[in-house]
Amino acid sequence: MLTDPIVALATPPGRSAVALIRISGRGVFALAASCLSPFHVEPARTVFRAQLRHPASGEAIDDSLACCFPGPHSYTGEDVVEISTHGGLVVPGAAVAALVAGGARPAEPGEFTRRAVLNGKMDLLQAEATADLIDAGAPAQRRRALQQLERGLSARLEALRGEILDLEALIAYEIDFPEEDEGPVAPDRVRRAWSVARERVAGLLATAPEGERLREGALCVIAGRPNAGKSSLFNALLGTERAIVTEIPGTTRDAIEAPAVIAGFPFRLVDTAGLRHSQDRVERGGEGERGVGSGEWTDPASDAFLSQVRSPVLRVRTKVDLDPIRRPSVRPSDVCVSAVTGEGLDELKRRLAAEAFGRLLQLGDVEPVVTRARHRAALERALAELDGFEAARSAGVDAAATATHLRAAVTALDDLIGVVTPDDVLDRVFASFCVGK
Ligand SMILES: Nc1nc2c(ncn2[C@@H]2O[C@H](COP(=O)(O)OP(=O)(O)OP(=O)(O)O)[C@@H](O)[C@H]2O)c(=O)[nH]1
Ligand SMILES: [Mg+2]
């Protein structure tokens, strides 16, 4: 495991009041001492003012603040120094260069957090949550990431792991005392313990579709006949004039996608060209696509469109300001909006959030949720092994053989939490991290 000193700018480069630079690894206190004066480790975790100089030329770089975190009581578990300098493009760059001249290596993306995982400061789920928290673009994403960072998901999985271990212990009796008729443990007890564990795995797994959608944003396509007001609705939902709106039908030629926060949830909104002919094909997006049909639906093009859509559809009646007496074609479940007066937009936003994230809304922020394909795959494996256990037991397979399924289920959960994590898994998790985290 690498413990060589690494350095990175933890704040984004650009015009700002301050920048934060971090160094971590073996010998970083001596390294920092060659660049900072005065420099002292004690008192630990206490900020002091120091001149930052280039270690070779002695050139003054900045009047800075520094703080030492002796390992293991640091983010990475190693000795860490954090240095705050003035912001901007030049000062932080010169400060990093000075620390590199002092012997630190520029850090890889996510390398600090990777060391934190390897040193047992956090598990893999918390590391993923760290990235999610930084990348959060909607309040719901932030809340979910924070909950995972605070071990909400880890604790649930550990409890689940414990339950399977208990079940394994029950089976161990049967392995040790095979001669006993019914076994020393009532079959009922085994079955109950199994079904509790299975239910929990299945329950977590059921959160995966919306959990993954929460990370990626729900795809929502606005479709309808030309001039129906799709681009106006798109802009109104985004809160900016992103798409061109004119009174001429056929204004929008190509679909445009933009991220939007709707009722606190992340969406990927798509504005499309108007539906003209009944042979217009539905371009089906990925799983989890939401469709918003707007305008009139009595025309054949829209009917043909709707008949092909397999994703949930929310029917929207646009321009209701022009139509104060609602036409009979409006169904009670339709949402009536006006991009001009803003009428109905809040209702539409609520409906979209409920459609795409209803389950999460019901669960609230306390119940853990799985948010990545990696999580889903591990839970699917655990579930298959639990089912394999029950099937083997019903088929009268001997206890030792049935127990291998329980072992495999525990291993799947261990992989998920990151108890022992192979390098390639770490590489994948940290690939999307930013430098300095
Ligand atoms: N009164 C009123 N006019 C609207 C409303 N929404 C859109 N319009 C008008 O309707 C016309 C068409 O609006 P767009 O948003 O460009 O419609 P579109 O469906 O994107 O049209 P295409 O891209 O051509 O298919 C424009 O003149 C808008 O100003 C609304 O809620 N009320
Ligand atoms: Mg348009």
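As the structure lists them, so they are numbered: ligands from 1, and atoms in each ligand from 1. FYI, the numbering just counts along the sequence from 1. The structure displayed is predicted, hence computed values, not measured ones.
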Revision key, fill the gap. Note: ligand 1 atoms sitting under 4.0 Å from heavy atoms of Pro249 are 24 (O)
Practice item. Answer whether the closest heavy-atom distance between the side chains of Leu99 and Ile83 falls below 4.5 Å. Key: yes
**Study point:** Contact check: Ser232 vs ligand 1, nitrogen or oxygen atoms, below 3.5 angstrom
**Key:** yes
Exercise for review: Let me see the working for Phe430 and Phe112 under ring-ring contact (aromatic ring centres under 6.0 Å, His included), right down to the final yes or no.
Suggested key: CA-CA 10 Å; Phe430 290 108; Phe112 290 88; over 10 Å; no
Practice item. First locate atom CD of Glu78, then atom CG of Leu118, and finally report the distance between them rounded to the nearest 0.5 Å. Key: 9.5 Å
Review point. Which atoms from ligand 1 have a heavy atom of Ile248 less than 4.0 Å away?
Key: 24 (O)
Study note, to complete from the structure: At under 4.0 Å between heavy atoms, what of Val320 touches ligand 1? The answer is neither
Review point. By number and element, which atoms of ligand 1 are closer than 4.0 Å to a non-hydrogen atom of Asn227?
Key: 11 (C), 12 (C), 17 (O), 18 (P), 19 (O), 21 (O), 22 (P), 24 (O), 25 (O)
Revision key, fill the gap. What lies under 2.8 Å from the Mg ion (ligand 2), restricted to protein N/O/S atoms, is Ser231 OG, Thr252 OG1
**Study point:** Residue-ligand contact Thr318/ligand 1, heavy atom below 4.0 Å
**Key:** no
Check your understanding: Which of the numbered atoms in ligand 1 are below 4.0 angstrom from a heavy atom of Gly274?
Key -> 25 (O)
Point to revise | Nearest heavy-atom neighbours spanning Gly364 and Arg144 | key: O-NH2, 3.1 Å
Practice item. May I ask you to list the atoms of ligand 1 that are less than 4.0 angstrom from any heavy atom of Ala228? Key: 19 (O)
Check your understanding: Given side chains that start at C-beta, do those of Arg317 and Val335 come closer than 4.5 Å, heavy atoms only?
Key -> no
**Study point:** Residue Thr246 vicinity, atoms of ligand 1 by number, heavy atom under 4.0 Å
**Key:** 11 (C), 12 (C), 13 (O), 16 (O), 26 (C), 27 (O)
Check your understanding: What part of Leu322, side chain from CB on, backbone N/CA/C/O, both or neither, has a heavy atom under 4.0 Å from ligand 1?
Key -> side chain
**Study point:** Residue Ala339 vicinity, atoms of ligand 1 by number, heavy atom under 4.0 Å
**Key:** 6 (N), 30 (C), 31 (O)
Revision key, fill the gap. Atom 17 (O) of ligand 1: of Gly229, Ala236, Gly224, Gly342, the nearest heavy atom sits on Gly229
Point to revise | Qualifying residue for salt bridge (Lys or Arg N to Asp or Glu O under 4.0 Å) with Glu367, from Arg359, Arg200, Arg156 | key: Arg156
Indicate every side-chain donor-acceptor pair of residues 6-19 with a distance under 3.5 Å to a residue at least two apart or in another chain.
from  : atom 1 : to    : atom 2 : distance (Å)
Thr11 : OG1    : Leu20 : N      : 3.0
Ser16 : OG     : Val18 : O      : 3.0

Practice item. Pick one of side chain, backbone, both or neither for how Asp321 approaches ligand 1, counting any non-hydrogen atom pair under 4.0 Å. Key: side chain
Review point. Looking at Tyr75, is Arg22 sitting on its ring face, NZ or CZ under 6.0 Å from the six-membered ring centre and within 45 degrees of the normal?
Key: yes
**Study point:** Pro226 neighbourhood, listing ligand 1 atoms whose heavy-atom distance to it stays under 4.0 Å
**Key:** 25 (O)
Point to revise | From Asp414, Asp415, Asp166, residue fulfilling salt bridge (Lys or Arg N to Asp or Glu O under 4.0 Å) relative to Arg161 | key: Asp414
Check your understanding: Any N or O of Thr272 that comes nearer than 3.5 Å to an N or O of ligand 1?
Key -> no
Practice item. Answer with yes or no after comparing the ring centroid distance for Phe29 and Phe69 against a 6.0 Å cut-off, counting only values under it. Key: no
Review point. Considering the options Arg114, Arg215, Lys437, Arg374, which one meets the salt bridge (Lys or Arg N to Asp or Glu O under 4.0 Å) requirement together with Glu128?
Key: Arg374
Practice item. Would you give the length of the straight line joining atom CG of Leu269 to atom CD1 of Ile256, rounded to the nearest 0.5 angstrom? Key: 10.0 Å
Check your understanding: Between atom CD of Gln147 and atom OG1 of Thr371, what is the distance when rounded to the nearest 0.5 Å?
Key -> 10.0 Å
